[in-house]
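Here is how names work: the chains are called A, B, and so on, in the same order as the sequence lines, proteins then strands, and each is numbered from 1. No hydrogens, no waters, no symmetry mates; every other heavy atom, side chains included, goes into these values. Please read all numbers here as calculations on a predicted model, not as lab measurements.
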2 protein chains.
Amino acid sequence: MTAIRGARERARNEITAAIKDEARRQLAAEGAAKLSLRAVARELGMVSSALYRYFPSRDDLLTALIVDAYNAVGEAAETARSALTGADARRPVARWTAVCSAVRTWALAHPHEYALIYGSPVPGYTAPRTTTEPAARVGLALIGVVREAYAAGALKEPAEPLPDAVVGDALALGAELGVELPGAVLARLVGAWAQLFGLVSFEVFGQFNRVIEARSEFFEQSVLQLAHSVGLTTHRERRTAR
Amino acid sequence: MTAIRGARERARNEITAAIKDEARRQLAAEGAAKLSLRAVARELGMVSSALYRYFPSRDDLLTALIVDAYNAVGEAAETARSALTGADARRPVARWTAVCSAVRTWALAHPHEYALIYGSPVPGYTAPRTTTEPAARVGLALIGVVREAYAAGALKEPAEPLPDAVVGDALALGAELGVELPGAVLARLVGAWAQLFGLVSFEVFGQFNRVIEARSEFFEQSVLQLAHSVGLTTHRERRTAR
DNA sequence: TCCCGCGCAAGAGCACTGCTCTCGCTTTGG
DNA sequence: CCAAAGCGAGAGCAGTGCTCTTGCGCGGGA
C-alpha cells in the first residue's frame, strides 16, 4: 500500500504481520477467549512486553483480527459475486446464492474468526470506527446483486406495503450508500442480510446438531427463499428497468 | 421441585442459588468474559476455594447460567404463545409474532445472557447434554403455533418443492418430536427459527447501528414475512384440516 | 444423649494472564 | 556526528482459575 520508508519501518510491518499470523493461529486453535499475548510473544521468541510496541493492548490485537476477518468474508463474498461464468452470470438468483454460499463456506472454514465478528461482541466493546467499513462489505455485495437485477429488470417489487418508518429508514440508508433501489426492496434486503447470518451462525455454532443433516441443501434452499423475499426472480421477466 | 431433606441440603441449595444470582449480576454488568469466580466469592463474603464446593469449575458455573438463560427465553416464548386474548388468540400469525417479539424483548433486556446462549460458544465447549432440552423450548413454541394453525386449517403449504434430503431431515425431526406436520412446513420452520435469531442477534449485537432506526417496526415486519414463509395465513382460510 | 464423620470454609500456593515501568542498546534523521 | 526516537529485555504488580491441606462445627446414627 504505502511506500516503505526505511529498514526499520519494513521490520515493523513484518513483525506486526507475524504477530497477527501467530495470533490468528492461536485463535483458530483455541478460540478468542484463550488468545494470550504472552503465548503469542513466547511463540515468536520475544518477551511479552515487546509486543506492546506493536499493539497497545490485547483488545487492539483482537480489533486488528476483527478487521482482517471482516475483510476476508467480504472479499470471499465479492469474488463469489463476480466469479460466475456462462449463463449463471446473468441470473441474479444464482449470484445471490453464490454470495451467500461463499459466506457460509468461509464461516465453516474459519469458525473462530467468524465467531469473533458475528458472535458475541468480546470486550466492553463499542466497535471502533475502523471496523464499520469492512463490516459492510458482505452487505454491499448483496446490494450489488440486487442492483444488477434491478437494472436488468429482473426484480419484482414486493406487493405488500411496509410501515412508513421502515421504508424511511431504508431510503435513508439507500441515500447514504448512493443506491437507487425502492425502499421496500432495500428494507427486505436488510432483513435478508440479517437472516442469512442467522442461518450461518446456527450452523457454525452447532445449533443444527441433531436437527439438520443435509446442511448444504438446507442452506441453499433457505437462501433461495431469501432471494425471492427481496424480489429476485428465478425466471427472467420482461420488464423495463426504472 | 424435589423435597428438601435436611437443613444442610437446604443451605446448599440457598448458597448455590446465591452464587448463581451474583454470577448473573456480574454477567449482566460486565459480560461473560469478565465473570470471575473470585469476584463472585468476594461479593458473597466467602473465599474463592469455598466456591468450588458448589461448582467444580468456572465453566460449570457458566453452563448453569446457560441452562437458566435458555429456560428464561423459553419461558418468555411459551407464555407469549398462550397469553393472547380475544380475537388475536385465534389468529396464528398474531401468536407467531407474539412469540418472536417475546424472544426479542427478552434478548434486548438481557443482552449478555442472550450472548451467552446465542453468541459465540465460550469455552472449548461441546454443549453438555443438559442444555439441549432447554435450548429447544423456543423452537418448540414456534412449532406449537404452527401445529395449532395446521389443526385449524389456517396453514397453506408452500407450493415450491424442496430437495428430498431436506424434507427427509424435516420428517425425521418431526417423528422424533412427535409432530405431524408436512415435511416442507417443518423444513421452513427450522429455517425461520434460525432466521429469527439472525434478526435478534444483529439487533442485540449492534449490527443495525446506523442502519435501522425503527427497529421494532422492522422486526415486526420481518417476522411477519417469516410467518408467511412457513405457511401461516394472515386471513383465515376455509379449509379442512387433514 | 453422646460422638464420630462428613460437609464445609479458610488459607497458602502454583501457574498463568494483561499491563507498566525502567534500563540499556541500536538505528535513524537532522 | 550525535541527540532522539524506536526497540527488546527484565522485573514487577494485580488479578485470575484451580489445588491441596488444615481445621472447625453441624447432623444423624448409636
Side-chain angles (χ1 to χ4, degrees), chain A residues 2-20 22-27 29-66 112 116 121-125 128, chain B residues 2-20 22-23 25-27 29-66 116 121-125 128:
Chain A
T2 57
I4 296 174
R5 297 190 192 282
R8 196 149 222 174
E9 197 161 335
R10 177 204 202 84
R12 179 169 239 283
N13 288 349
E14 274 181 19
I15 295 185
T16 305
I19 292 173
K20 286 205 291 185
E22 177 59 31
R24 221 186 320 272
R25 282 191 46 219
Q26 293 199 14
L27 185 67
E30 298 271 20
K34 304 269 183 182
L35 195 163
S36 126
L37 279 187
R38 292 180 112 111
V40 170
R42 205 181 304 134
E43 208 68 21
L44 262 52
M46 50 170 127
V47 91
S48 73
S49 59
L51 217 148
Y52 285 82
R53 301 264 175 205
Y54 300 88
F55 295 95
S57 82
R58 181 181 183 272
D59 283 356
D60 288 271
L61 214 196
L62 274 180
T63 310
L65 295 183
I66 286 174
H112 285 113
L116 201 59
V122 198
Y125 103 127
Chain B
T2 56
I4 297 175
R5 297 191 192 281
R8 201 148 220 177
E9 196 162 334
R10 178 204 200 84
R12 179 168 240 282
N13 288 348
E14 274 182 19
I15 296 186
T16 305
I19 292 173
K20 286 206 291 185
E22 177 58 32
R25 282 191 46 220
Q26 291 198 16
L27 185 68
E30 297 271 20
K34 304 268 183 184
L35 195 163
S36 128
L37 279 188
R38 290 181 114 110
V40 170
R42 204 180 306 133
E43 208 69 21
L44 261 51
M46 51 169 124
V47 93
S48 72
S49 59
L51 218 147
Y52 285 82
R53 299 262 171 203
Y54 300 89
F55 295 94
S57 82
R58 181 180 183 271
D59 283 355
D60 289 270
L61 215 195
L62 273 180
T63 310
L65 295 183
I66 286 174
L116 201 59
V122 199
Y125 104 127

Whole-Å distance separating the CG atom of Leu51(B) from the C1' atom of dA9(C): 11 Å
Sequence neighbours left out, cut at 3.5 Å: what donor-acceptor pairs do the side chains of residues 35-53 of chain B make with other protein atoms?
from: Ser36(B); atom 1: OG; to: Arg38(B); atom 2: N; distance (Å): 3.3
from: Ser36(B); atom 1: OG; to: Ala39(B); atom 2: N; distance (Å): 2.9

Nearest-Å distance for atom pair CZ/P, residues Phe55(A) and dC19(C): 13 Å
Taken to the nearest 0.5 Å, the spacing of Arg58(B) CZ from Thr63(B) OG1 works out to 10.5 Å
Return whichever of Ser48(A) or Tyr54(A) has its heavy-atom-nearest nucleotide of DNA chain D closer to the 5' end. Tyr54(A)
Give a yes or no on whether a donor-acceptor pair under 3.5 Å exists between the nucleobase atoms of dA9(C), that is its base, and the side chain of Ser49(B). no
Atom pair CZ (Phe55(B)) and CD1 (Ile19(B)), whose distance is rounded to the nearest 0.5 Å: 5.5 Å
Expressed as a whole number of angstroms, how long is the span from Tyr52(B):OH to dT21(D):P? 17 Å
Taking atom P of dG18(C) as reference, at what distance in whole Å does atom CG of Leu61(A) sit? 10 Å
Looking only at side chains, do Ser57(A) and Asp60(A) share a donor and an acceptor under 3.5 Å apart? yes
Would you mind reading off the distance between Lys34(B) atom NZ and dG15(D) atom P, rounded to a whole angstrom? 13 Å
Sugar-phosphate, base or nothing in reach of Ile15(A), heavy atoms under 4.0 Å: sugar-phosphate
Set of side chain to side chain donor-acceptor pair (under 3.5 Å) partners for Thr16(B), sequence neighbours left out: none
Separation of Leu62(A) atom CG from dG18(C) atom C1', in whole Å? 12 Å
Separation between NE2 (His112(A)) and CG (Leu116(A)), nearest 0.5 Å, reads 10.0 Å
With hydrogens left out and only the distance checked, is there a donor-acceptor pair under 3.5 Å joining Arg53(A)'s side chain and the base of dG8(D)? yes
In whole angstrom, what separates Ile19(B)'s CD1 from dA9(C)'s C1'? 12 Å
With sequence neighbours left out, write down each residue that passes salt bridge (Lys or Arg N to Asp or Glu O under 4.0 Å) with Arg12(B), or none if nothing qualifies. none
Between the side-chain atoms of Arg8(A) and the base atoms of dT27(C), is any donor-acceptor pair under 3.5 Å? yes
Looking across every strand, which nucleic acid part, if any, lies under 4.0 Å from Leu35(A) by heavy atom: base, sugar-phosphate, or nothing? sugar-phosphate
Output the residues of residues 36-45 of chain A in contact with DNA chain C, where contact means a heavy atom of the residue under 4.0 Å from an atom of the strand; sort by number or write none. Ser36(A), Leu37(A), Arg38(A), Arg42(A)
Is any side-chain nitrogen or oxygen of Arg58(A) closer than 4.0 Å to OP1 or OP2 of dC19(C)? no
Integer-rounded Å distance: dG6(D) C1' and Asn13(A) CG: 14 Å
